[in-house]
2 protein chains.
Amino acid sequence: MTGQVRTVDGRVAGRRGQATRQKLLECLSEMLSTSPYRDVKVIDVARMAGTSPATFYQYFPDVEGAVLELAEEMAKEGATLTDLVAGRTWAGKPAWAAAEDLVDGFLSFWRKNDAILRVVDLGAAEGDKRFYKIRMKILNAVTNSLTDSIKELQDKGRVDKWVNPAAIAGSLVAMLAAVAAHQKGFQSWGVKQAELKPNLALLVHLGVTGKKPTK
Amino acid sequence: MTGQVRTVDGRVAGRRGQATRQKLLECLSEMLSTSPYRDVKVIDVARMAGTSPATFYQYFPDVEGAVLELAEEMAKEGATLTDLVAGRTWAGKPAWAAAEDLVDGFLSFWRKNDAILRVVDLGAAEGDKRFYKIRMKILNAVTNSLTDSIKELQDKGRVDKWVNPAAIAGSLVAMLAAVAAHQKGFQSWGVKQAELKPNLALLVHLGVTGKKPTK
DNA sequence: AGAGGAGCTGACGGAGTGTCAGGTTAGGTT
DNA sequence: AACCTAACCTGACACTCCGTCAGCTCCTCT
């Protein structure tokens with residue numbers, strides 16, 4: 001069902017082909033985290049991989065296409081983000097722990113994949129549906145769970161009726177993503193990395209439950 | 001003090017020069033909102049402006065340089081965002097109105113300038129100090145005011161001591177920016193534009209005051 | 001009118017893109 | 001071993017865009 005890896009011209013990639021393809025992806029990833037997206041050239045990636053541009057075009061239609069591949073890989077890994085929210089209770093002390101874990105997990109995931117995520121964010125903002133879908137895939141993992149949690153609290157009457165759980169969840173997740181993408185920015189506010197986390201957790205807790213946490 | 005506009009090779013730009021320069025900026029802006037940043041070429045901008053690439057290079061070092069110019073212009077206009085927060089009280093009904101106005105103003109500003117802001121965001125995330133500074137300039141306008149408001153509440157004992165006002169303010173502003181940049185994304189959650197605003201206002205209010213709003 | 005600087009662009013070398021034809025390599029078949 | 005085939009790679013090429021410079025035109029002031 002996974003379908004074999006295929007070259008642009010339809011050939012089936014064998015062992016050797018897969019290897020060079022992978023190497024190209026690795027070099028692209030490296031390239032993305034060291035130079036601005038706009039300046040990433042096929043020829044540079046090929047050079048770094050010790051091969052020729054023509055080989056690159058055998059496996060990917062263009063740089064963007066290769067980035068999509070990279071992003072897809074990451075999105076698969078990102079599915080595990082669900083675990084950060086699934087099956088958590090949002091009452092009392094466990095709620096605070098839930099918020100903390102969510103912030104922590106999310107931030108470290110974003111940090112680890114910041115280079116590709118930057119590009120995905122850009123593509124999505126530019127209206128490219130392929131990037132947009134990948135971004136959704138990652139965020140959905142968290143947002144859906146969070147939405148359900150809020151809905152549950154709402155049904156119990158612990159959250160106002162006029163609140164839209166999806167809107168709140170989506171906004172909180174967007175916040176986490178944005179803060180993660182611009183972590184360095186906070187340093188110039190005099191806010192340190194370690195200080196940031198509990199404050200984010202507070203906002204998440206407030207957003208989900210509508211109340212201050214009991215630490 | 002503003003210093004005259006100069007060409008790349010140091011000439012002082014006169015009336016005619018200013019005009020073509022401006023036209024180039026306008027066309028670039030148009031270009032940015034119709035095609036992905038990576039695909040914006042000097043030659044296209046020049047063509048659209050009815051001039052030659054060589055002319056473009058007379059006024060800007062490259063596409064990035066021109067985008068910076070555009071961003072700087074926008075940042076000046078963005079200084080007015082301070083008005084959304086300055087001199088507001090964060091207690092009772094006025095607080096809710098303040099939150100609503102902030103969200104409204106912020107979102108519409110972002111919408112209006114989304115194309116350039118996308119690029120600024122990218123540049124900042126990539127660690128380019130010039131873009132980073134511009135982004136700060138815009139966000140500072142709001143964040144600083146918000147930080148002060150939270151500090152004030154904290155001094156009055158209405159906000160917990162362990163809270164870091166700058167971290168909260170920064171996170172809230174980052175949230176607004178992120179949501180604004182991906183407004184379309186929320187539609188796929190089944191969240192409509194009009195529905196989004198009050199929920200964002202709620203989150204802002206919760207973040208600043210730590211309490212639910214009294215509408 | 002003409003001097004001089006502002007303004008524009010054709011032309012060009014250099015670099016990246018994307019394609020194709022043709023050569024090389026790996027693995028299976030007889 | 002000899003052969004075949006499909007996978008794999010790349011040199012070469014036409015094309016596009018970049019970035020620069022010399023030289024032309026236009027405007028303005030005297």
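In this text the structure is predicted, and so the values were computed from the model without any measurement. Letters go in sequence order (proteins before strands), and every chain restarts at 1. Values reported hereafter were calculated over all heavy atoms of this structure, with side chains retained and with hydrogens, waters and symmetry mates removed.
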Of all the nucleotides listed ([options]), which has the minimum atom distance to the side chain of [X]?
X	options	answer
A:Gln58	C:dG18, C:dA6, D:dC8	D:dC8
B:Tyr57	C:dG7, D:dC8, D:dG19	D:dG19
B:Ala54	D:dC8, C:dT9, C:dG18	C:dT9
B:Arg16	D:dG19, C:dC8, C:dG18	C:dC8

Whole angstroms only, please: what is the [atom1]-[atom2] distance between [X] and [N]?
X	N	atom1	atom2	result
A:Ile43	D:dG11	CD1	P	11 Å
B:Phe60	D:dC18	CZ	C1'	17 Å
A:Leu24	D:dC8	CG	P	13 Å

C:dG7 OP1/OP2 closer than 4.0 Å to side-chain N/O of B:Arg11: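 Yes, within the criterion.
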
Report yes if at least one side-chain N or O of B:Thr55 is closer than 4.0 Å to OP1 or OP2 of C:dT9; otherwise report no. yes

For [X], answer base if it contacts any base atom (sugar-phosphate contacts may also be present), sugar-phosphate if it contacts only those atoms, and nothing otherwise; contact means non-hydrogen atoms under 4.0 Å.
X	result
A:Tyr59	sugar-phosphate
A:Thr51	sugar-phosphate
B:Thr20	sugar-phosphate
A:Arg47	sugar-phosphate

Between A:Arg38 and A:Ser52, just flag the one whose closest nucleotide in DNA chain D comes earlier from the 5' side. A:Ser52

Is it true that the NZ or CZ of A:Arg38 lies under 6.0 Å from the centre of B:Tyr37's six-membered ring and within 45 degrees of the ring axis? yes

